[in-house]
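The structure appears below as structure tokens.
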Protein chains: 2
Amino acid sequence: MIADALFAAPDEIVPAQAPREASRLTRKLEAFLPFDEEERDALDHIVELNVRHFPAGSILVEPGSSPREVMIMMEGWAVRSKPIDAGRQIVALHLPGDICDFNALLTRRADCAIEAASDVRVACINHRMMSDITRRFPRIGQAFWCDSLSAASVQREWTVNVATRNARARMSHLLCELHARLFLTGEADAGGYDMPLRQTDLGNACGLTPETSSRVLARLKADRLVRLKDRRVEIMQAGALLLSAGYNAQYLHLNQTDDMFRTLFKN
Amino acid sequence: MIADALFAAPDEIVPAQAPREASRLTRKLEAFLPFDEEERDALDHIVELNVRHFPAGSILVEPGSSPREVMIMMEGWAVRSKPIDAGRQIVALHLPGDICDFNALLTRRADCAIEAASDVRVACINHRMMSDITRRFPRIGQAFWCDSLSAASVQREWTVNVATRNARARMSHLLCELHARLFLTGEADAGGYDMPLRQTDLGNACGLTPETSSRVLARLKADRLVRLKDRRVEIMQAGALLLSAGYNAQYLHLNQTDDMFRTLFKN
DNA sequence: CGACCCGTTGATATGGCTCAAACCGGGTGG
DNA sequence: CCACCCGGTTTGAGCCATATCAACGGGTCG
């Protein structure tokens with residue numbers, strides 16, 4: 001299936017043999033580097049200290065505000081967007097396990113809005129706790145760092161997506177990416193995943209209007225690549241979807257996508 | 001002028017009172033948090049240990065290769081791009097002072113190519129030295145981290161750029177961004193900056209074809225917003241250029257761009 | 001001198017935006 | 001229970017910005 005597409009170094013990924021029911025955060029971070037018991041406990045502990053619930057539609061971070069805490073998605077999706085005259089542009093999707101506001105540490109004022117796309121559970125960690133844990137457990141800090149690099153890599157891919165691909169390919173690409181990322185935390189299975197966003201938002205994330213988004217998804221459905229039914233995406237033909245996303249180019253130039261395609265074209 | 005646009009927390013920026021001729025790296029990092037003498041020395045030292053020169057056009061990082069060193073731009077520009085069928089998409093520009101391959105620490109295989117756009121001087125730091133210095137000087141590590149967050153913020157802005165703006169606004173935006181970033185390291189003055197890229201590359205960075213790039217730049221020149229002459233960009237009307245870039249929207253919604261505009265509309 | 005790359009200019013094609021209208025399901029209030 | 005509304009989706013028609021294709025000029029380098 002589509003998983004493992006974005007996160008290279010496949011031989012270091014050990015989501016399967018996680019020894020116990022791990023939080024999504026540890027599960028994701030351990031895809032970068034494995035923790036020992038102590039580190040895992042510390043992380044789980046700090047994350048449980050201050051969990052907040054928000055209903056769908058809540059504003060988690062106001063653009064221009066000065067958030068004083070790092071937020072970690074424990075459950076549900078959030079949307080990061082920038083205001084654009086009389087509208088917004090979605091620049092990132094924060095899924096369970098994502099650390100979604102590192103920037104709070106750097107900038108006085110948030111440059112993006114973050115909004116709950118579904119009911120969410122968020123772990124809030126203030127700056128002091130953050131520096132504490134990274135000082136006491138350098139490897140956790142390192143994992144955080146890996147995570148932000150990974151997020152940057154995703155962001156570059158989004159740039160490529162809107163800059164080079166047509167509407168159909170963009171949407172396909174987004175659907176593939178979501179699958180890969182959700183799979184990492186066990187949020188998705190081979191067949192698909194729950195997806196709380198409106199079509200409008202999916203389109204916006206690819207730089208498309210709601211109308212085009214609707215048309216493109218209709219075509220993908222008609223072509224039997226995906227099925228979309230009450231907040232769930234079923235991936236019916238992973239290989240065809242990847243081709244539609246324009247991954248074929250990378251495939252021909254064979255680089256880090258090898259492993260993914262090896263998995264994919266088995267069926 | 002355009003500087004300070006991208007890097008919030010203006011009251012923590014102290015490029016002016018840097019006590020001596022600092023390297024571009026320290027100069028940039030100290031825009032995030034100031035160092036003491038010891039830290040500054042350590043950083044300058046490690047950076048000078050292994051400097052390499054590359055002529056314009058050299059491939060610094062091959063996509064799919066496994067770079068074993070972090071690279072820091074000391075002089076000259078580099079272009080980060082992703083291969084796209086029979087072409088490439090530029091996803092980032094690495095200017096003097098930029099740390100341009102943190103990813104080497106995370107991923108086995110580079111997902112991007114990095115190419116020297118001009119003759120460049122690059123400091124190469126292997127993983128061991130990197131972890132050494134961040135362990136011995138946590139504040140340096142923190143500054144590195146800030147830098148990568150800042151780069152991520154720039155990346156988001158690029159996504160917005162290609163997703164929402166028309167050709168003219170995209171190009172204007174890019175020219176503004178470059179000014180702001182170069183100004184931070186003293187590479188640009190109020191009037192403009194040296195710019196080694198071809199028009200083709202400028203366009204590519206905004207998701208435009210060379211033809212459109214040419215036409216758009218011609219219009220910007222005709223409208224007396226900028227002047228482009230032998231590898232130099234002269235910014236003639238910063239205010240108008242910002243408007244052309246579509247910054248007006250943010251201005252109306254007043255957030256972190258306040259300071260920039262206050263400076264800008266003085267003249 | 002020719003080859004090549006980059007930039008320019010023109011003509012044409014087209015993908016996605018815009019505008020507009022209708023539809024649909026769910027929630028709300030009478 | 002129905003009527004209504006509202007946000008999201010769907011569908012249609014036309015238009016516009018930018019890609020595409022093509023040809024040429026001008027500088028540079030071998």
Side-chain angles (χ1 to χ4, degrees), chain A residues 55-57 79 84-90 115-118 160-174 195-223 226-233 244-246, chain B residues 55-57 79 84-90 115 117-119 160-174 195-223 226-233 244-246:
Chain A
V79 160
I84 294 295
D85 39 46
R88 61 173 191 179
Q89 173 61 41
I90 295 176
E115 187 183 338
S118 61
V160 172
N161 205 31
V162 289
T164 69
R165 294 193 255 266
N166 64 27
R168 182 188 168 99
R170 284 188 214 175
M171 185 61 78
S172 303
H173 193 279
L174 180 59
M195 202 283 299
L197 301 183
R198 297 164 299 198
Q199 292 186 190
T200 302
D201 297 321
L202 281 179
N204 186 300
C206 314
L208 301 173
T209 58
E211 294 92 331
T212 307
S213 181
S214 167
R215 283 186 246 261
V216 162
L217 284 169
R219 289 234 50 194
L220 289 178
K221 283 185 278 188
D223 294 349
V226 299
R227 202 181 298 160
L228 273 170
K229 218 172 60 183
D230 35 58
R231 319 270 93 161
R232 182 166 171 86
V233 177
S244 171
Chain B
V79 160
I84 294 296
D85 38 45
R88 62 174 190 176
Q89 173 62 42
I90 295 177
E115 188 184 337
S118 62
D119 293 350
V160 172
N161 205 30
V162 289
T164 69
R165 295 194 255 264
N166 65 24
R168 180 187 171 100
R170 284 187 215 176
M171 186 61 77
S172 305
H173 193 278
L174 180 59
M195 202 282 300
L197 301 182
R198 297 164 302 199
Q199 292 189 355
T200 300
D201 298 320
L202 281 180
N204 186 300
C206 315
L208 300 173
T209 58
E211 295 92 332
T212 307
S213 180
S214 168
R215 283 185 245 260
V216 163
L217 284 169
R219 288 235 51 195
L220 289 178
K221 283 186 277 191
D223 295 349
V226 298
R227 202 181 300 161
L228 272 170
K229 218 172 59 183
D230 36 57
R231 319 268 93 162
R232 183 166 169 85
V233 177
S244 171

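None of the values given here were measured: they were computed from a predicted structure.
Computed from coordinates, the A/K229 NZ to D/dT9 P distance equals 17 Å when rounded to whole Å. The distance from atom CE of A/M171 to atom C1' of D/dT9 is 13 Å, rounded to the nearest whole Å. Atom CG in B/L208 sits about 11 Å away from atom C1' in D/dA17, given to the nearest Å. Between the P atom of C/dG16 and the CG atom of A/N161 lies a distance of 12 Å, rounded to the nearest Å. Look at CZ on B/R165: it is 18 Å from P on D/dA17, rounded to the nearest Å. One atom, CG of B/N166, and another, P of D/dA19, lie 11 Å apart when rounded to the nearest Å. Distance CZ (A/R168) to C1' (C/dT14): 17 Å, rounded to an integer number of Å.
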Heavy-atom contacts, protein to nucleotides 3-9 of chain C, under 4.0 Å, summarised as B (base), S (sugar-phosphate only) or - (none) per nt, yield ---SSSB
If a protein heavy atom is under 4.0 Å from the base, mark B; if only from the sugar-phosphate, S; if neither, -; do that for nucleotides 24-30 of chain D going 5' to 3'. -------
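With respect to the salt-bridge test (charged N to carboxylate O, under 4.0 angstrom), the residues A/R88 and A/D201 qualify.
At distances below 3.5 Å, at least one donor-acceptor pair connects side-chain atoms of B/R170 with backbone N or O atoms of B/R165. Proximity of a side-chain donor or acceptor of A/R168 to a complementary backbone N or O of A/V216 within less than 3.5 Å is not detected.
Phosphate proximity of D/dA19 to B/T209: present, with a side-chain N or O under 4.0 Å from OP1 or OP2.
Among all heavy-atom pairs drawn from B/G207 and B/V162, the shortest one is N-CG1, 4.0 Å. In this structure, B/S213 and B/M171 approach most closely via the heavy-atom pair OG-CE, 3.4 Å. Taking each heavy atom of A/P55 and A/A116 in turn, the nearest pair found is O-CB, 3.7 Å. The minimum heavy-atom distance linking A/A169 with A/N161 is given by the pair O-OD1, 4.2 Å.
Partner of B/L202 under the side chain to side chain contact (heavy atoms under 4.5 Å, CB included) criterion, out of B/V233, B/L174, B/L208, B/I90: B/L174 alone.
When the C1' atoms of four end pairs are superposed on the next four at each end of the helix from C/dC1-D/dG30 to C/dG30-D/dC1, using five pairs per end, the two resulting axes differ in direction by 30°, to 10°.
Between the CG atom in A/L220 and the CG atom in A/L228 there is a gap of 8.5 Å [rounded to 0.5 Å].
Residue-level contact check: B/G207 touches the backbone only, with heavy atoms under 4.0 Å from sugar-phosphate atoms and none from bases.
Residues A/L197 and A/V79 have side chains in contact (heavy-atom distance under 4.5 Å, counting atoms from C-beta outward).
Within a 6.0 Å sphere centred on CZ of A/R232, heavy atoms belonging to other residues, nucleotides or ligands number more than 12.
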